[in-house]
Amino acid sequence: MVVTGATGTLGRLFARHLVQRHGVRHLLLLSRSGATAPGADELMAELREQGAEPELVACDAADRDALRPVLAGIPGTRPLTGVVHAAGVLDDGAIEALDPARVDSVLRSKADAALHLHELTADRQLAAFVLFSGAAGLLGRPGQGSYAAANTVVDALAHRRRAQGLPALSLAWGLWGEATGMTGHLAERDLRRMRRSGIAPMPNEQGLALFDRALALASDHALLVPMRLDLAALGRERAVNGPDAVPVLLRTLVPAADTAQQTSTGAGAARSGTSAAEDARGSSDVTPGALVERLAHLDEPARGRELLKLVRTQVAKVLGCSGPDAVEPGRPFRESGFDSLMSVELRNQLNAATGLRFPATVVFDHPTPRAVAEHIGAELGLDGAGEDAGDVALSSLEALLAAVSGMEADDSRRDVVRRQLEAALVAVGAAGAASDAPTGRSRSGEDPTGTRAAVEERLDSASDDDLFAFIEEQL
């Protein structure tokens, strides 16, 4: 039996399983690194201890000219009886970020190799031809355009072989719990995103059991999806972010009125007594209608604060932060670690919360949480046009006073507040002088520049408490 990607995490796992569970004795293990791959010697020794006769060859199955002589060299006394194509490369990215080289690396290792294996073994009497695909080709997850395309080719090849009377089974795997060569780069926030989308990590033992079950069903199916689903997470995603947040093929598993959802594995589903809507209750009470209605009763500064809180809350969810307070309003998304996948996720959450339809580039067009909040206000027609400037100023001062009262005495940001207040008081003094004296002098006959100097001198000698007391008096 031939196994491609044999020195990768899944390749090693299934090489052992084929020997231990299925009694395979002759294995032709293919990988690009061959014997130089980390752990290769240990794998070969272990397989031999199990009574197998493995052969490890450095061969890129995507290279037809290299693969042909390797397959042709299989002796007639030990004819090839099966293929397990486990090789693959993952290179996530939004379509706009992909280039021909990135697309080629993914298609080559997964799709090209599968086609070469098909063509070069078509005249062999195989008992099994198993292709490792991925659920991305079926679910259409954001940011996996090239990987989804490669897996779709593999799935289609399985159907084509079956139509030709040849054995074939494509397994569109979900997420493996153990980090593999294709998922080892994922950060914790990436894994959290997948869990929120209902794709639960699958233990090795469960994956191997599903593989065995799939082989038993291979005579009736060209494509199966061994995946662990968390239906409660899917329900929460639907309840909070709307049905569009759930992949189309999974939506029937979490209808809006579903009352019992929990983790499902393989083809079966276990049920609990807690509904997805109940699980989601309290996580977000923001709906588009409620949001607009609430904003309509607020003045402009309060609307701005409400929208900013909304955006910061959604950003915190995407980043996995402790809460909205951990998100700096003026910090660019790129500096916070946003990538294309996270941008799409935030866009989806903002769409669900506001009822608007933003493009996936919204965080690049408006590069900070504050900028996004202002954009939402403008899109909702709540940009503050026509607001009385005096009311806005007083409301802003009121909010500032409330915020400052909660700051620690040694908070370095008090200096920033102080400087802003100094500039504001100078501006207030200058505006008053200008309105009272069109010719450039105040009613008392003093030069406005003298007023500015006096204000600055007074501010320099004032304490923080004096400044905040002054604000309170003016309010």
Side-chain angles (χ1 to χ4, degrees), residues 1-89 108-133 153-154 157-158 160-171 181 208 211-212 214-215 218-219 222:
M1 179 169 283
V2 168
V3 178
T4 68
T7 55
T9 302
L10 292 185
R12 295 196 306 269
L13 179 68
F14 279 93
R16 297 187 184 99
H17 186 66
L18 290 170
V19 171
Q20 297 169 1
R21 177 68 176 80
H22 295 275
V24 176
R25 288 295 171 261
H26 302 291
L27 283 172
L28 178 58
L29 306 177
L30 307 182
S31 79
R32 287 177 295 179
S33 300
T36 63
D41 292 340
E42 292 81 355
L43 173 64
M44 298 296 284
E46 183 178 345
L47 294 176
R48 292 189 182 103
E49 289 177 3
Q50 298 289 333
E53 298 179 28
E55 181 182 0
L56 179 58
V57 177
C59 175
D60 182 358
D63 185 340
R64 184 186 179 92
D65 291 337
L67 179 62
R68 182 189 295 107
V70 172
L71 296 178
I74 297 175
T77 55
R78 297 184 310 198
L80 179 63
T81 59
V83 171
V84 175
H85 177 36
V89 171
R108 188 174 183 277
S109 63
K110 178 65 69 176
D112 289 2
L115 290 169
H116 296 334
L117 288 165
H118 158 63
E119 293 167 355
L120 295 175
T121 64
D123 59 345
R124 310 288 181 105
Q125 297 299 313
L126 301 183
F129 190 90
V130 183
L131 302 166
F132 280 17
S133 174
V153 171
V154 169
L157 175 60
R160 179 181 177 185
R161 283 182 60 91
R162 292 292 295 271
Q164 295 174 346
L166 299 173
L169 174 63
S170 185
L171 298 178
L208 294 174
F211 174 80
D212 294 340
L215 289 184
S219 60

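Below, all heavy atoms of this structure are taken into account, side chains as well, without hydrogens, waters or symmetry copies.
In this structure, Q125 places its CD atom where only 12 or fewer heavy-atom neighbours from other residues, nucleotides or ligands lie under 6.0 Å away.
Here the OG atom belonging to S170 is positioned 9.5 Å from the NE2 atom belonging to H85, to the nearest 0.5 angstrom. If you take CZ on F211 and CG on L10, they are separated by 11.0 Å, rounding to the nearest 0.5 Å. Separation of atoms CG (L47) and CD (Q20) is listed at 8.0 Å; rounding is to 0.5 Å. Here the OG1-CG distance, from T4 to L117, works out to 6.0 Å after rounding to the nearest 0.5 Å.
F129 meets the ring pair (Phe, Tyr, Trp, His ring centres under 6.0 Å) test with no other residue; sequence neighbours excluded.
Two residues are said to be in side-chain contact when any heavy atoms from C-beta on lie closer than 4.5 Å; L126 and R161 meet this criterion.
Residues L43 and A6 share a closest heavy-atom pair of CD2-O, 3.8 Å. Shortest non-hydrogen contact noted between L169 and A218 is CD2-CB, 4.0 Å.
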Original post:
Would L131 and H118 satisfy side chain to side chain contact (heavy atoms under 4.5 Å, CB included), going step by step from the backbone distance to the final call?
Top reply: CA-CA 10 Å; L131 302 166; H118 158 63; over 6 Å; no

Which atom pairs, one a donor and one an acceptor, fall under 3.5 Å between side chains of residues 21-39 and the rest of the protein, sequence neighbours left out?
{"from": "H22", "atom 1": "NE2", "to": "D212", "atom 2": "OD1", "distance (Å)": "2.8"}
{"from": "S31", "atom 1": "OG", "to": "T7", "atom 2": "OG1", "distance (Å)": "3.1"}
{"from": "S31", "atom 1": "OG", "to": "G34", "atom 2": "N", "distance (Å)": "2.8"}
{"from": "T36", "atom 1": "OG1", "to": "S33", "atom 2": "O", "distance (Å)": "2.7"}

What donor-acceptor contacts under 3.5 angstrom involve side-chain atoms of residues 56-83, with partners at least two apart or in another chain?
{"from": "D60", "atom 1": "OD1", "to": "A62", "atom 2": "N", "distance (Å)": "3.0"}
{"from": "D60", "atom 1": "OD2", "to": "R108", "atom 2": "NH1", "distance (Å)": "2.6"}
{"from": "D60", "atom 1": "OD2", "to": "R108", "atom 2": "NH2", "distance (Å)": "3.4"}
{"from": "D63", "atom 1": "OD1", "to": "D65", "atom 2": "N", "distance (Å)": "3.2"}
{"from": "D63", "atom 1": "OD1", "to": "A66", "atom 2": "N", "distance (Å)": "3.3"}
{"from": "R64", "atom 1": "NH1", "to": "E119", "atom 2": "OE1", "distance (Å)": "2.3"}
{"from": "R78", "atom 1": "NH1", "to": "E53", "atom 2": "OE1", "distance (Å)": "3.3"}

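Proximity of a side-chain donor or acceptor of K110 to a complementary backbone N or O of A87 within less than 3.5 Å is detected.
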